[in-house]
Amino acid sequence: MTAAHPLHSLESVMEHFEYCVGIVVIDHVTFGPDTLFVDHVGFHEAYAEHMDIGGEGEHPRAPYVEGLENTSEFPNVVRWLVAHGYRDDDIATAIGGNTLRALRDAWI
């Protein structure tokens, strides 16, 4: 497999994560189902096709995200967070705690 474009790498995903944390703090950022449970490139394509509201231009398409080629590589996200000094409770919050909280808030 050839190297992915830098925009299609784990590092770019984590850069976006940190950008979001910088805006809304970690208590409002999570990794979604496209990262955890499905083909995230296919999910992105379906989302772009059916949910695009326009005005943002075309996003570059990637055949895969290097370091997250499939769901078994999600531990790479956790390794990255540990390596970059995130605390255990912040990691737990970002990799599922916020999702569970949002679902609980919406359904209870």
Side-chain angles (χ1 to χ4, degrees):
M1 187 179 317
T2 61
H5 185 280
L7 292 176
H8 308 140
S9 67
L10 173 65
E11 193 62 37
S12 68
V13 170
M14 300 313 293
E15 182 180 303
H16 181 69
F17 167 80
E18 289 200 309
Y19 172 78
C20 293
V21 168
I23 293 173
V24 298
V25 303
I26 202 159
D27 291 333
H28 302 286
V29 181
T30 193
F31 291 91
D34 58 317
T35 308
L36 299 171
F37 302 113
V38 299
D39 166 17
H40 44 270
V41 173
F43 182 85
H44 171 81
E45 290 173 354
Y47 181 84
E49 180 181 340
H50 298 290
M51 303 296 283
D52 187 7
I53 59 173
E56 294 297 319
E58 187 67 23
H59 295 284
R61 299 288 187 237
Y64 65 95
V65 176
E66 187 175 291
L68 288 173
E69 288 89 349
N70 60 64
T71 57
S72 72
E73 294 190 342
F74 185 73
N76 291 337
V77 169
V78 177
R79 287 184 197 98
W80 190 99
L81 292 168
V82 169
H84 287 81
Y86 282 84
R87 300 175 318 171
D88 289 352
D89 58 330
D90 286 339
I91 294 171
T93 295
I95 67 167
N98 283 335
T99 299
L100 293 173
R101 179 189 45 78
L103 292 172
R104 204 170 21 254
D105 289 353
W107 289 342
I108 294 178

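Not measured: the values here are computed from a predicted model.
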Ignoring hydrogens and geometry, is there a side-chain-to-backbone donor-acceptor pair from T30 to A94 under 3.5 Å? yes
Would you say R101's side chain and T93's backbone share a donor-acceptor pair under 3.5 angstrom? no
Smallest separation among heavy atoms of F31 and V13, with atom names: CE2-CG1, 4.4 Å
Side chain to side chain, V78 and F74, heavy atoms closer than 4.5 Å: yes
Report yes or no: does N98 contribute a side-chain atom to a donor-acceptor pair with the main-chain N or O of I26 at less than 3.5 Å? yes
CZ of R79 to CD1 of I91, rounded to nearest 0.5 Å, is 12.0 Å
Determine, using the 4.5 Å side-chain heavy-atom cutoff (strictly less than), whether V82 and F17 are members of one ILVMFWY cluster. yes
So how far is it from N76 CG to S9 OG, rounded to the nearest 0.5 Å? 11.5 Å
To the nearest 0.5 Å, what is the distance between NE2 (H84) and CD (E18)? 6.5 Å
Note, D90 side chain near V21 side chain (heavy atom, < 4.5 Å): no
Residues in salt bridge (charged side-chain N to carboxylate O under 4.0 Å, His left out) contact with D88, at least two apart in sequence or another chain: none
Determine whether M14 and L81 make a side-chain contact, defined as any pair of heavy atoms from C-beta on separated by less than 4.5 Å. yes
